[in-house]
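Some notes on the structure that comes next.
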Amino acid sequence: GNFELTITSAANPPTTAPIVAPPTPTAPVVPTAGFPSCNICGPGGRITNQTALISVAGSDPVSCASLQFGGDVGIIDPTLCPVFAALAGPCECETIAAIPNDDCAGAIRVGDGVYSGSTTHARTDAENSVCRSYGSPGVWYSVLGTGAQINITTCGFGTTYDTYLAAFVGSCGALACFATDDDGCQISNGDCSSSDNGCSLRSFLRLDTSFGVEYRILVYGYQRFSGNFVLTVSSEPSPPRNFTIGIIPGQTNAAEPSASPVPLTPPN
């Protein structure tokens, strides 16, 4: 690395400040989580040729897919980002329209229904390491707990790749893993048609939910797979929720239920 060497003596003290050369990165540093995101394709750009290789002096060739992953999750030293960007020609960058649910904060709230989407041009999410770490891009949805089981699947025939599903609770930036599934779809369970050979590579997530709790769902892929998916959300019947309505002593109007309500008395 770079260093500054200063030599002094009592008889001949230095008369000018030493000249320090600016840092010139030549090779990737050891990955350290927590760096700012780095997009070697520039704002809004995504790599389309992920298997292409980039060579940097003093380093083994690095695949464009690895650079995209490293930049998305913050393991590329920011001093190296412009170095890679200057050499990114083989990656065949192109500008992609922003994906609204590309990160946790943009999660789309969904209820029972069928939703189509794609992870092809999404970013890799650092949060996937909380449940299961894969270098695949992902998109976000959320469901609101009903107090019963909610099923979330990618079993539909329109899913074109090996998916992975993860559910989180908590706020973005401080998520906790709640549940995951990799290959939960099965023809024998009626999840797919008997002719659907890709069924067993898709995901079936069963969430035992608490009423009113938000569950954030990350749709991504096994290893570094990405592609189109069909997301199906279905809820089991919710259990009955009992409320007692009454008048709280000392009040003249209806209020929230209490532990010892006073029954309403009809007028004479």
| task | Check whether any side-chain heavy atom of Leu207 sits under 4.5 Å from a side-chain heavy atom of Ile217, and report yes or no. | result | yes
| message | Parallel, tilted or perpendicular: which one describes the rings of Trp140 and Phe168, with boundaries at 30° and 60°? | response | tilted
| task | Taking atom types as modelled, find out whether Arg109 and Ser142 have a side-chain donor-acceptor pair closer than 3.5 angstrom. | result | yes
| Test item: Asp162 and Asp182 side chains (from C-beta on) under 4.5 Å apart, heavy atoms | yes
| task | Over all heavy atoms of both residues, which pair between Arg46 and Ile96 is shortest? Give the atoms and the distance, please. | result | CG-CG1, 3.5 Å
| request: Side-chain contact test, heavy atoms from C-beta onward, threshold under 4.5 Å: evaluate it for Leu231 versus Leu165 and give yes or no. | output: yes
| query | Do you know the tightest heavy-atom contact between Asp183 and Gln186? | reply | O-NE2, 3.3 Å
| task | Might you confirm whether atom OH of Tyr115 has over 12 heavy atoms from other residues, nucleotides or ligands at distances under 6.0 Å? | result | yes
| Do you know which two heavy atoms are closest between Ala122 and Pro137, and how far apart they sit? | O-CB, 3.1 Å
| Can you find a heavy atom in the side chain of Asp125 that is under 4.5 Å from one in the side chain of Asp72? | no
| said: Keeping Tyr215 on the side-chain end and Ser210 on the backbone end, is there a donor-acceptor pair under 3.5 Å? | reply: yes
| said: With a 3.5 Å distance limit and no angle check, can you tell me whether Thr163 reaches the backbone of Ser203 through a side-chain donor-acceptor pair? | reply: yes
| said: Show the nearest heavy-atom pair for residues Leu175 and Cys104, with the distance to one decimal. | reply: CD1-SG, 3.9 Å
| query | How close do Cys172 and Ala105 get, heavy atom to heavy atom, and via which atoms? | reply | SG-N, 3.5 Å
| Are the side chain of Asn101 and the backbone N or O of Ile108 linked by a donor-acceptor pair below 3.5 Å? | no
| query | Minimum heavy-atom separation for Thr146 to Thr209, with atom names? | reply | N-OG1, 3.1 Å
| field | Polar side-chain atom of Tyr161 near backbone of Tyr220 as donor-acceptor pair, under 3.5 Å | value | yes
| field | Under 3.5 Å: donor-acceptor pair, side chain of Thr48, backbone of Glu92 | value | yes
